[in-house]
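Contents: one structure, followed by commentary.
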Amino acid sequence: MTVRVRFAPSPTGYPHIGNIRTVVFNWLFARQQNGKLILRIEDTDRSRYVADALKVIEDSLSWLGLDWDEGLKRDGGYGPYVQSQRLHIYREKAEELIAKGLAYRCNCSPDRLEEVREAMRARGETPMYDGRCRIKAAGEVPAEELHVIRLKVPHEGTTTFHDLLRGDISFENALIDDQVLLKSDRYPTYHLAVVVDDHMMGITHVLRGDDWIPSTPKRIQLYQAFGWTPPIYIHVPLVLGPDGKKLGKRHGATSVDEFRRQGYLPDALFNFLALLGWAPGEGDEQEIFTRQELIEKFNVHRINLSPAVFSYDKLDWMNGAYIRQMDPQELLDCLIPFWVDAGLIPSEIPTELLPTLRLLVPLVQERLKTLRDVIPLTDFVFQEIKMLPAEAFVPKKMTAEESIRAIRETQRLLSGLVQFTAEEMEGPMRELAKELGLKAGQLFGIVRNAVTGKEVSPPLFGSLQAVGRERTLRRLEQAEQVLLASIESGEV
RNA sequence: GCCCCCAUCGUCUAGUCUGGUCUAGGACACAGGCCUUUCAAGCCUGGUACAUGGGUUCAAAUCCCGUUGGGGGCACCA
């Protein structure tokens, strides 16, 4: 039997990282089993429809490398894969259940339903439909009138389903609501559509968040009403925010697109997500895996049962690890859009700028946790800096006069270099420190603070080379002016 | 309120099925050190966990029950 799994988002928002982790599991399972991943769009809620959600869903999945075999834009013979294009099927199936006496029309008003639920809540009972229309004679609620169709769930007995990871899970039928199958706008609810589609599309395994467990018995009741065999259920634990609650919009930047914009690499995010709630085990202590390794090692039976908190710290570390192992040219290509977005370089990159960019890459590579980190790390190369206050140019155990002398000697040295490169300047600068009776760190610190405008920067000489001789000398000059002014005003 | 799921370091986890090799292993984060022009990276060292009570057993992180704690669900949303 070919494994067929699906991811069925609804275009009511942008895919967030919790749902995507579940897609990662589905994808891994499908790839490993040589099965198919189907992407189906569940757009049956017209009131919450978000116009560009579909495109963002597609882009997010593609960006993460989560390709699907069938579904949206990829026909596999089971289409259409967009539920709003299958309305006639759901209507037909709902009517079929009415004909079999397993469903009924209900014209209770939303207000009345709310009253009923409220009263039950007040009595400490599980709020559900009281079945007023369930006992009406066939035809009492005319098909032409505004109404919904509900499933007639038995009041006696229990409904049990098997979860691959947790074993049998049972629910009292008396606590299962007479679920609405077809809404008054003639669109199906999730419950009807998902059962009909999963069955008709030959879905073999349903891997989804365990927040769906409580509604699964409704699904089972429907399968029984239709006389179909349910798929194998694999409920995976939820992804929690740092506060221990189900990860969602309230946790801020959780959409896949935001991770992209923040400078996370798709491979790193994928690797991280795969390890959230799953581990290879058997003594395997590896953390960084290629996709191929993940596909080979993945095992649904090893998915954890308890929810996992999403750790930005660990993701940052992993992203940094991926960045460090990148080829410099590849990293440069990834970095350029971030420089452009920050307005540091034009989108049409002048060729004379390329050597500078190439020079910068090895300087920042091991310092980046995210691609976006490159902006604060290198902005001084592309734009004018704000001079630091005089104190920044006077290291401990030094006077302003000594600093001025150090700056002047540095200027002299740098102006005299034949080639303004990191290799050319390092030796002489170390010599200079010695001559001035300074530690290398003291002299370099002054220069760093003057030229980069920061106390933390990439390696100094490469930074100077990137800034260029002319601007380096000018900034040193400005630092000197700051020092002179402070001496005059008696600050230092 | 009712129903369901879950329970090893702060976090992600290995170990649990097939009790002994676990004075509980790894990773992230944290602390200290080395390296060092800053910051990183790298290397070394350190602290921190089997929720709790009762069983079963020669022996329990591992099996059973209760308790507690956490999470989720109870729509004409998915």
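Atoms considered below: every heavy atom in the structure, side chains included; atoms not considered: hydrogens, waters and symmetry mates. Order of the sequence lines fixes the chain letters, A, B, ..., with proteins taken first and strands second; residue numbering starts at 1 for each chain.
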[X] has a side chain; which of [options] sits nearest to it?
X: L460(A); options: rC76(B), rA78(B), rU37(B); result: rU37(B)
X: T126(A); options: rC76(B), rG26(B), rC74(B); result: rC74(B)
X: P127(A); options: rA75(B), rA41(B), rC3(B); result: rA75(B)

Contact class for [X] (heavy atom, under 4.0 Å): base, sugar-phosphate, or nothing?
X: E42(A); value: sugar-phosphate
X: K439(A); value: nothing
X: S10(A); value: sugar-phosphate
X: G445(A); value: nothing
X: T44(A); value: sugar-phosphate
X: P459(A); value: base
X: L276(A); value: sugar-phosphate
X: P458(A); value: base
X: V148(A); value: base
X: G320(A); value: nothing
X: R150(A); value: sugar-phosphate

OP1 or OP2 of [N] under 4.0 Å from side-chain N/O of [X]:
X: K314(A); N: rU13(B); value: no
X: K218(A); N: rG73(B); value: no
X: R21(A); N: rC12(B); value: no
X: K454(A); N: rA40(B); value: no
X: K245(A); N: rG71(B); value: yes

Applying salt bridge (Lys or Arg N to Asp or Glu O under 4.0 Å), which residue pairs with at least one partner in residues 144-162 of chain A are found, sequence neighbours left out?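 The answer is none; no pair qualifies.
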
Name the pairs: protein N/O against N/O of nucleotides 4-8 of chain B, kept only if under 3.5 Å.
residue : atom : partner : partner atom : Å
rC5(B)  : O2'  : R166(A) : NH1          : 2.6

Measuring only the [atom1] atom in each nucleotide, how far is [N] from [M]? A whole number of Å is fine.
N: rA78(B); M: rG15(B); atom1: P; value: 39 Å
N: rU21(B); M: rC35(B); atom1: C1'; value: 39 Å
N: rA27(B); M: rU37(B); atom1: C1'; value: 32 Å
N: rC5(B); M: rC64(B); atom1: P; value: 14 Å
N: rG55(B); M: rC74(B); atom1: C1'; value: 35 Å
N: rC4(B); M: rG20(B); atom1: P; value: 32 Å
N: rU11(B); M: rG47(B); atom1: C1'; value: 16 Å
N: rU36(B); M: rC28(B); atom1: P; value: 24 Å

If you find the nucleotide of RNA chain B closest to L275(A) and the one closest to S184(A), which residue's nucleotide is nearer the 5' end?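 Nearest nucleotide further toward 5': that of L275(A).
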
If you assign E172(A) and L377(A) each to the RNA chain B nucleotide with the nearest heavy atom, which residue ends up on the more 5' nucleotide?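 By nearest-heavy-atom nucleotide position, the 5'-most residue is E172(A).
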
Less than 4.0 Å between a side-chain N and a carboxylate O, is that true for [Y] and [X]?
X: R6(A); Y: D198(A); answer: yes
X: E95(A); Y: R91(A); answer: no
X: E402(A); Y: R405(A); answer: no
X: R121(A); Y: E114(A); answer: yes
X: D177(A); Y: K218(A); answer: no

Between [X] ([atom1]) and [N] ([atom2]), how many Å, whole number?
X: R40(A); N: rA78(B); atom1: CZ; atom2: C1'; result: 12 Å
X: L443(A); N: rU36(B); atom1: CG; atom2: C1'; result: 16 Å
X: K396(A); N: rU38(B); atom1: NZ; atom2: P; result: 12 Å
X: D313(A); N: rU13(B); atom1: CG; atom2: P; result: 15 Å
X: M318(A); N: rG26(B); atom1: CE; atom2: P; result: 17 Å
X: R121(A); N: rA75(B); atom1: CZ; atom2: C1'; result: 10 Å
X: R430(A); N: rU37(B); atom1: CZ; atom2: C1'; result: 7 Å
X: D177(A); N: rC2(B); atom1: CG; atom2: P; result: 18 Å

Tell me, yes or no, whether the heavy-atom count around K136(A) atom NZ, taken from other residues, nucleotides or ligands under 6.0 Å, exceeds 12.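 Enclosed: over 12 neighbouring heavy atoms sit under 6.0 Å from NZ of K136(A).
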
Base-pairing assignment for [N] (Watson-Crick or G-U wobble, both under 3.5 Å):
N: rA7(B); result: rU68(B)
N: rC77(B); result: none
N: rC63(B); result: rG55(B)

Yes or no on side-chain contact (heavy atoms from CB on, under 4.5 Å) for L388(A) and F393(A), after CA distance, side-chain angles and deciding distance? CA-CA 8 Å; L388(A) 291 170; F393(A) 307 129; 4.1 Å; yes

Heavy-atom donor-acceptor pair, N107(A) side chain to V141(A) backbone, under 3.5 Å: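 No, the answer is negative, given that no donor and acceptor are paired below the 3.5 Å cut-off.
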
Pairs: protein N or O with nucleotides 14-20 of chain B N or O, under 3.5 Å:
residue : atom : partner : partner atom : Å
rA14(B) : OP1  : R302(A) : NH2          : 3.4
rA14(B) : OP2  : N304(A) : OD1          : 3.4
rG15(B) : OP1  : R302(A) : NH1          : 3.0
rG15(B) : OP1  : R302(A) : NH2          : 3.3
rG15(B) : OP2  : R302(A) : NH2          : 3.1

Under 3.5 Å, is there a donor-acceptor pair linking the side chains of E293(A) and Q286(A)?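 On atom types as modelled, these side chains qualify, holding a pair under 3.5 Å.
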
Check the interface with nucleotides 42-51 of chain B: list each N/O to N/O pair with the protein under 3.5 Å, or write none.
residue : atom : partner : partner atom : Å
rG42(B) : OP1  : R324(A) : NH1          : 3.4

Using the test side-chain hydrogen bond (donor to acceptor under 3.5 Å, both in side chains), find all partners of H147(A) that sit at least two apart in sequence or belong to another chain.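 For H147(A), the residues satisfying side-chain hydrogen bond (donor to acceptor under 3.5 Å, both in side chains) (neighbours in sequence not counted) are R105(A).
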
Look for any protein N or O under 3.5 Å of an N or O in nucleotides 67-69 of chain B and output each such pair with its distance, or none.
none

Would T216(A) and F171(A) count as a side-chain contact (heavy atoms from CB on, under 4.5 Å) if you check the C-alpha gap in whole Å, the side-chain angles of each, and the deciding distance to 0.1 Å? CA-CA 9 Å; T216(A) 304; F171(A) 291 81; 5.9 Å; no

